[in-house]
Enquirer: 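Before I ask anything, let me first share the structure, which is written out below as structure tokens.
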There are 2 protein chains.
Amino acid sequence: MTGPVRLKHQRITVALEREIRSGQVPRGARLPGELALARRFGVSRTTVRTALAELNEAGLITTRTGKGSFVLFDGRPLDDRLGWAHALAAQGVETRTRVLRIALCHREELCGRGDLCGREELCRRDGLAGVPGLDSPEVVVIERVREVAPQTVVSYERSCVPAVGELRDLPARGLAGSLTEALNRAGLHPDHGEQRLSGRMIDDREAELLRREPGAWFLSARRTSWAGDGTFIERVDSLLDPAHFELSLTFGEKTS
Amino acid sequence: MTGPVRLKHQRITVALEREIRSGQVPRGARLPGELALARRFGVSRTTVRTALAELNEAGLITTRTGKGSFVLFDGRPLDDRLGWAHALAAQGVETRTRVLRIALCHREELCGRGDLCGREELCRRDGLAGVPGLDSPEVVVIERVREVAPQTVVSYERSCVPAVGELRDLPARGLAGSLTEALNRAGLHPDHGEQRLSGRMIDDREAELLRREPGAWFLSARRTSWAGDGTFIERVDSLLDPAHFELSLTFGEKTS
DNA sequence: TCGCTGAACAAGTCTAGACAGGTAGGGCAA
DNA sequence: TTGCCCTACCTGTCTAGACTTGTTCAGCGA
């Protein structure tokens with residue numbers, strides 16, 4: 001949220017956003033009702049609703065009829081590219097992300113493993129052609145690596161998102177901020193998805209990007225997410241150095 | 001995941017579904033009455049009825065006027081030794097499980113990686129010594145491998161469970177049925193847990209068990225589960241051939 | 001036109017209670 | 001032993017109401 005904050009609803013948006021990002025209102029918690037917020041900020045319910053709509057837009061909360069608004073934000077800078085479940089975490093080390101390429105592609109041209117290529121069979125088998133909910137004929141491909149040091153690459157990620165709205169301009173304008181934010185601004189909020197994880201040896205191109213020997217063993221993950229209406233949002237293929245990454249998931253609640 | 005925002009009746013549906021699918025409430029058994037469930041979950045009877053209607057819809061239970069709700073689900077509890085989230089699945093191939101060893105150990109003697117051993121540091125670092133909720137000084141260790149063919153081993157799993165109740169007799173009597181069933185009979189019902197997954201090279205002993213070369217790369221998983229009161233139930237360490245296993249997880253619901 | 005107010009009404013979620021009817025078991029009389 | 005009644009407990013159904021968000025509309029002032 002940039003610029004001077006002079007509108008009432010922006011004041012409310014900023015106030016609530018700060019409470020959420022600071023962890024004061026934890027993930028999953030319910031915000032006060034619209035009427036209560038209206039009283040608290042001394043504004044009308046309509047104005048509160050405008051603010052809540054902005055927070056929804058930003059992906060910070062979700063609102064359900066008859067129940068209220070609930071915090072989605074994690075407390076940490078949102079970076080769920082690698083997976084959910086509080087995700088594959090680089091173990092304790094500070095990492096930097098470097099964008100290698102942002103390109104507009106026809107989805108049919110896209111092969112599953114890495115790049116625009118001529119290997120037809122691979123495209124048919126692993127590409128985006130059969131993914132449900134993808135209407136756009138074109139996709140934007142973003143390739144990134146993560147480094148713990150200038151020469152030490154620990155992961156490679158390739159995201160494919162539909163070339164719609166402002167996402168279409170990503171190749172020209174570059175990625176300011178996180179891809180998650182760009183998706184939110186484009187109105188794409190993940191609702192459900194699937195992730196698969198296994199391991200394999202990297203090929204020559206991947207070895208070059210990762211600065212390893214071809215044949216080195218990496219964790220390989222593919223995450224696909226869709227919006228509530230079934231619209232395809234994103235597919236991320238990742239290669240992760242098993243020495244630096246570990247998937248962590250939990251089930252149940254440790255509440256009791 | 002599983003969205004943090006659940007309706008009350010969905011929360012109840014999920015809780016009961018887990019108890020049913022885990023075998024905690026066996027096929028044919030009667031669920032507590034609607035009033036009892038309402039008290040247990042702290043909701044109204046109407047809300048409980050909504051949840052039961054969903055379970056009926058899903059074919060997990062049947063409800064009869066004047067009698068109660070009865071479990072229909074008979075599918076073997078998902079083999080969750082390898083993980084939750086619809087677990088790591090051997091891709092399409094029929095597998096057989098072979099038990100290698102069932103032994104009673106002092107938990108302090110147990111090293112994290114494999115066996116009773118003398119490598120003190122490893123024991124201290126990776127063993128069960130620091131696991132919360134484990135009161136029993138002794139644990140039962142069960143080692144198993146999975147084979148797709150007599151000479152083709154695709155995974156190795158080592159479970160550690162507290163040596164309490166009938167579990168203490170496992171070394172003498174052997175494991176009839178699944179370990180999940182034995183845990184249920186011993187009154188140990190997983191309520192929450194954690195799983196970590198990465199990859200590493202196997203050592204000499206593991207190579208022998210898996211019939212591979214030492215230094216081969218395997219997916220390595222560690223799953224720990226606890227009961228609702230925090231009692232330690234099980235820890236499973238697995239080594240999985242990445243050519244045969246893939247972790248699959250979903251988030252959100254594919255309702256629409 | 002834009003930001004905002006205030007209000008009314010629709011609709012979703014959940015609680016609380018009342019009442020009807022099905023089921024099972026114990027006690028009692030024939 | 002058989003048949004019946006009473007009681008306890010269960011599910012099925014309904015109503016009323018509190019509280020929430022969703023939607024729309026009229027109006028005010030810069």
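Small disclaimer: the values here were computed from a predicted structure and weren't measured. Proteins get letters first, then strands, A, B, ... in listed order; numbering begins at 1 in each.
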Enquirer: Could you check how far CD of Gln10(A) sits from P of dC4(C), rounded to whole Å?
Expert: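 It works out to 8 Å between those atoms.
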Enquirer: How many Å lie between CD on Glu34(B) and C1' on dT15(C), as a whole number?
Expert: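 Atom CD in Glu34(B) sits about 15 Å away from atom C1' in dT15(C).
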Enquirer: Got a donor-acceptor contact below 3.5 angstrom from the Arg30(A) side chain to the Ser69(A) backbone?
Expert: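 Judged by distance alone, no pair lies under 3.5 Å.
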Enquirer: Whole angstrom is fine here: how far is it from CZ in Arg39(A) over to C1' in dT5(C)?
Expert: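 Roughly 16 Å, once rounded to whole Å.
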Enquirer: Salt bridge check, Glu166(B) against Arg173(B): does any charged N sit closer than 4.0 Å to a carboxylate O?
Expert: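 Looking at Arg173(B) and Glu166(B), the cut-off is not met.
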Enquirer: Contact class for Thr63(A) vs. all strands (heavy atom < 4.0 Å): base, sugar-phosphate, or nothing?
Expert: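 Sugar-phosphate contact only - Thr63(A) comes under 4.0 Å of backbone atoms but never of a base.
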Enquirer: dG6(C) phosphate, OP1 or OP2: any side-chain N/O from Thr46(A) under 4.0 angstrom?
Expert: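 Answer is no, no contact under 4.0 Å.
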Enquirer: Does Ser22(A) reach the main-chain N or O of Gln24(A) with its side chain, forming a donor-acceptor pair under 3.5 Å?
Expert: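 Yes, Ser22(A) side chain to Gln24(A) backbone: donor-acceptor pair under 3.5 Å.
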Enquirer: Give the rounded distance in Å between these two atoms: CZ of Arg49(A) and C1' of dT5(C).
Expert: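 Going from CZ in Arg49(A) over to C1' in dT5(C) covers 15 Å.
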Enquirer: For dT21(D), take OP1 and OP2 only and decide whether either is under 4.0 Å from a side-chain N or O of Thr65(A).
Expert: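 No.
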Enquirer: Given atom CG of Leu37(B) and atom C1' of dT11(D), what is their separation to the nearest angstrom?
Expert: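 The answer, rounded to whole Å, is 12 Å.
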Enquirer: May I ask you to evaluate whether His9(A) reaches the phosphate of dC4(C), defined as a side-chain N or O under 4.0 Å from OP1 or OP2?
Expert: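 So the side-chain polar atoms of His9(A) do come within 4.0 Å of the phosphate oxygens OP1 or OP2 of dC4(C), strictly under.
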Enquirer: Between the base of dG12(D) and the side chain of Arg64(B), is there a donor-acceptor distance below 3.5 Å?
Expert: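 Such a pair does not exist between side chain and base.
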Enquirer: Whole Å only: how far is the CG atom of Leu52(A) from the P atom of dT20(D)?
Expert: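 To the nearest whole Å, that distance equals 13 Å.
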Enquirer: Figure out the NZ/C1' separation between Lys67(B) and dC10(D), and round it to whole Å.
Expert: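 Checked: the NZ to C1' distance equals 11 Å.
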Enquirer: Looking only at side-chain N and O atoms, does Arg144(A) offer a donor or acceptor that is under 3.5 Å from a partner on Ser159(A)?
Expert: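 Short answer, yes.
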Enquirer: For dT15(C), take OP1 and OP2 only and decide whether either is under 4.0 Å from a side-chain N or O of Lys8(B).
Expert: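 So the side chain of Lys8(B) is within the cut-off, an N or O lying under 4.0 Å from OP1 or OP2 of dT15(C).
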Enquirer: From the set dT20(D), dA8(C), dT11(D), return the single nucleotide nearest to any side-chain atom of Arg45(B).
Expert: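 Between dT20(D), dA8(C), dT11(D), the one nearest the side chain of Arg45(B) would be dT11(D).
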Enquirer: Whether Arg64(B) engages the ring of Phe70(B) as a cation-pi pair (distance to the six-membered ring centre under 6.0 angstrom, angle to the ring normal within 45°) should be assessed.
Expert: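 Yes.
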Enquirer: If I take atom CZ in residue Phe70(B) and atom P in nucleotide dT23(C), what distance separates them, rounded to the nearest angstrom?
Expert: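 To the nearest whole Å, that distance equals 11 Å.
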